[in-house]
Amino acid sequence: MAEAADFQGTSPSPARRWLRRTGAVLAGTPLLTGLLQLPAASPAEAATPAAPRAASDDGSVAVSVDSLTPGAPAEGDTVTVSGTVTNKGKKTVTDASVGLRVGSLLDTRSSIDTVAKNSDDIGSPVGAEIDDKYTEKFSKLTPGVSQPYTISVPADELDLGQDGVYDLSVTLTGETSDQPWEQTLGVRHTFLPWQPDEADTKTKTTFMWPLISTVHMTAETGSDEEQTPVFHDDELAEEISPGGRLDRMVALGKDLDVTWVIDPDLLASVEAMTTRYEIPGENADDKNAVGGHQAVAKRWLTEVQKAVADKEVVALPFGDPDLASLAHHGTSVTGSLRHLKEATDVAAGTVESILHVTASTDFAWPVEGAVDPSIIKVSTSAGADKVITRGDTFEGGRDLTYTPTAPRPIGGGTTAVVADARLSTVFEGDMARASASTQAVQRFLAQSLTLALQTDRPRSVVIAPQRTPSAAQAQTMAEAIGALQDSTWSQPQDLTAAAKSKPDPDAGTEVPPASAYPKSLRKQELPRSAFEQIARTQDKLDRFKVILSNPSRVVTPFGRALNRGMAASWRGRPAEAAIYRSGVETYLDTLSSQVRLIEKSDTKLSGRSATIPVTVQNNLVQGVEHLVLRLTSTNPTRLEIDGNAYEEQPIAVSGGHSQSVKFTTNANANGRATVVAQLYTQDGRPYGQPVTFDVKVTEITATVMLVIGGGVLLLVLAGFRMYTQRKRAAARQAEEREQENAADAADADAGDAKNPEASERRPTQESAPDTPEDAPEQPSDPAPDTAPESADPSGTGERVDR
């Protein structure tokens, strides 16, 4: 079936086949005769064989075709071929000549593949050489040395016949010292499409032009008002800088009739670079580490806006999720399809806000267009109703002698848009070498013309190249598209129009089974553990966002980071993908831990009731609310919290602040009681780690109070008794002193009467001299009422009045 579809419409007539075969036999007869008669041939005959013999040292000279213009000539054009010849052997080549040969018509797509595979095989058939005047000669080719050549031939001299693709060969003939006869030492086959007149029915060709990159932004943002974005590398700046991969994609695509297929994450990342951005681990003084590429980012976005103006734009889901990995490993993980839906919902809005164009989100594009029923189901679960597949993994149809049109209805209102495999993969590989690029362009044109000549049916052909072409691949693609758009057999068409074109009733519409999915692609898929980690991070985000006063500062960057965690660009990079996902989860854990309970030491509680403070700390920039703090006693019979086993209080803490909450406790018995403080969200889910501490209860009972009261009463009575006793003693002493004084006065009066002079010499009581301070105390001195104050430190438990 596949080989039958290679032929251009009907087979040649028997008469035409007979003429071709006869011509081939006649052309080969002189060579065969020369080989058979070689031993007996004269030197003159050996020097002029009918055709050069193949060298015994196969491919000793490398021939490259670095340029072929025009790629698809028309009548009156001049075909110019240029390149180099390089002597790879050890012997010098003399009398070398580079010439062009036009071979047979390649009337099947598979024959083009065969020639391309053996493009430097000197044993493969070549046509007759064009006139000797269209050759370039070299007297000698030194080993290891390359020589350029350029040959220009009018198209009319090429003797091209019917429309189609011809095998155009550039050959080098010459002699060596050990083989001194003309021989073919090198060859390079390429393709020359020929259809000078406009086709009656042109093939409508859609070329998808992808603007997709790898993941560059992290979930982290700065604490400033602008939320400075953080990139894990600066590779995106290199891609959009002049000469970079994405810069070339835009510069080349703006002049082509293509459908732009864009990952919104790329646009969002570049837009984030237009302001200050940071790269962890970079020198803070480095201007590139803090947004030194702002001008580059702004210029690139401006160029993209100009390029897509009035062009069709298809937006992939944000982050370009790996649909096959999601279908094979993610659907069994709760919430995975939710991320695909969110990525699809934000896609069109992102593109419109940045590029100011309306983008279609109706298309899903699995990796390399490989599908099975589960991939189709996942691809359409978020709203897409068209899935871009590829012909090498999707059945073309039974008994078809041509490549069918792209759209295929596969049921459920879904259309499979089958891209042509040969045209889509021709630009893979290293296109940095001019020879490889030229060969890819000519092969692309050859396949396109051969496909167009298969049938007169109107058809739509879609070309879906690799997702992230290199700069050299993009240059080659642009050259091929430019040549195709100038051709006589093709006309450009948008992807949406191609998907809506009339399907071929004979084309296959059965989705390949899961067993047919390529094993090489399955090995590169994201594992189930990746989706489990994404789901776990999402659950943490859901618990975190409900407490925030401004949740959008967290939900948006983390939501987009989770989309990036399932990107198709992680294929073949499992370690890097795991590091990225872990980084997102770890950073979320770090933010969540900024709202926490302060650790508390054990507490002693004396008395029947008291208050226990618990502190909530918020180190986030924004405030938190909708939190509940619950204090629970594990032994409520001993210690109650406000009369119950626990008490809850609502919490709201401003950014960068702490708040202490007091709980009333009641003691019922002495002993140790464990208390647990835990934050909860309003839906009753625990938030953060609990804080556990012990409360030691030392309750004062009624008996103890009675004993203490009796002791106080006894102390009061004892003091009163001592006071009355001392007061009575002082009164007695005063009375005795008065009696003694009266007796002394009577005696003195009697003596004075007997001795008047002695009476004059005795001093009176008012004028008596002061008693010295160190005079001994007289027995008659009264005892002091208060003990002297001591200057020594007070004893333990004493109250000291200062």
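- When side chains are defined from C-beta on, Leu68 counts as touching Gln442, because their heavy atoms get closer than 4.5 Å.
- His189 and Val115 make their closest contact through CB-CG1, 3.7 Å (heavy atoms, listed as atom of the first residue, atom of the second, distance).
- One finds the CG atom of Leu158 at 14.0 Å from the CZ atom of Arg101 (value rounded to the nearest 0.5 Å).
- Donor-acceptor pairing under 3.5 Å is lacking for the side chains of Thr173 and Ser97.
- For the residue pair Glu198/Thr488, the side-chain donor-acceptor check at 3.5 Å is not satisfied.
- Using a 4.0 Å cut-off between charged side-chain N and carboxylate O, Asp320 and Arg467 make a salt bridge.
- Leu445 contributes atom CG, which lies 12.5 Å from atom CD of Gln195 (distance to the nearest 0.5 angstrom).
- If you check the side chains of Thr150 and Ser82, you find no donor sitting under 3.5 Å from an acceptor.
- Side-chain polar atoms of Trp209 and Thr259 form no donor-acceptor pair below 3.5 angstrom.
- Summarising the geometry of Asp247 relative to Ser241, their closest heavy-atom pair is CB-O, 3.2 Å, with the distance given to 0.1 Å.
- Here the straight-line distance linking atom NZ of Lys306 with atom NZ of Lys311 works out to 14.0 Å at 0.5 Å rounding.
- Atoms OG and CG, from Ser169 and Leu192 in turn, are 11.0 Å apart once rounded to the nearest 0.5 Å.
- When all heavy atoms of Ser213 and Leu246 are compared, the pair lying nearest together is CB-CD1, 4.2 Å.
- Between Lys500 and Asp494 there is no salt bridge, since none of the side-chain N atoms of the basic residue sits less than 4.0 Å from a carboxylate O of the acidic one.
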Show me the side-chain donor-acceptor pairs of residues 386-393 shorter than 3.5 Å, one per line, residues at least two apart or across chains.
from: Arg390; atom 1: NE; to: Asp392; atom 2: OD1; distance (Å): 3.1
from: Arg390; atom 1: NE; to: Asp392; atom 2: OD2; distance (Å): 3.3
from: Arg390; atom 1: NH2; to: Asp392; atom 2: OD2; distance (Å): 3.0
from: Thr393; atom 1: OG1; to: Gly369; atom 2: O; distance (Å): 3.2
from: Thr393; atom 1: OG1; to: Arg390; atom 2: O; distance (Å): 3.1

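- Closest of all the heavy-atom pairs between Arg571 and Leu521 is NH1-O, 2.8 Å.
- Side-chain polar atoms of Ser569 and Thr214 form no donor-acceptor pair below 3.5 angstrom.
- Residues Ser460 and Gln493 have side chains that bring a donor and an acceptor to within less than 3.5 angstrom of each other.
- Listed for the Thr455 side chain is a donor-acceptor partner under 3.5 Å among the backbone atoms of Arg457.
- Between Tyr402 and Asp504, the side chains place a donor N or O and an acceptor N or O closer than 3.5 Å (distance only, hydrogens not considered).
- Between Asp159 atom CG and Glu157 atom CD the span is 9.0 Å, to the nearest 0.5 Å.
- The environment of Asp178 atom CG is dense: over 12 non-hydrogen atoms of other residues, nucleotides or ligands sit within 6.0 angstrom.
- Side-chain contact between Glu75 and Pro196 is present, with at least one heavy-atom pair separated by less than 4.5 Å.
- Ring pair Phe427/Phe444 is tilted by interplanar angle, where 30° to 60° counts as tilted.
- Of all the heavy atoms in Pro210 and Trp365, the pair that sits closest is CB-CZ3, 4.3 Å.
- Closest approach of Leu256 to Gly482, counting heavy atoms only: CD2-N, 4.2 Å.
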Residues 470-480 side chain polar contacts: donor-acceptor under 3.5 Å, at least two apart:
from: Ser470; atom 1: OG; to: Gln473; atom 2: N; distance (Å): 3.1
from: Gln473; atom 1: OE1; to: Gln466; atom 2: NE2; distance (Å): 3.0
from: Gln473; atom 1: OE1; to: Ser470; atom 2: N; distance (Å): 2.9
from: Gln473; atom 1: NE2; to: Gly429; atom 2: O; distance (Å): 2.8
from: Gln475; atom 1: OE1; to: Arg248; atom 2: NH2; distance (Å): 2.8
from: Gln475; atom 1: NE2; to: Glu479; atom 2: OE2; distance (Å): 3.4
from: Thr476; atom 1: OG1; to: Ser437; atom 2: OG; distance (Å): 2.7
from: Thr476; atom 1: OG1; to: Ala472; atom 2: O; distance (Å): 3.0

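- Remark: the Gln454 side chain and the Arg459 side chain contain an N/O donor-acceptor pair separated by less than 3.5 Å.
- Here Thr84 contributes atom OG1 and Arg188 contributes atom CZ; the two are 9.5 Å apart, rounded to the nearest 0.5 Å.
- Looking only at side-chain heavy atoms (C-beta outward), Trp194 and Asp163 come within less than 4.5 Å of each other.
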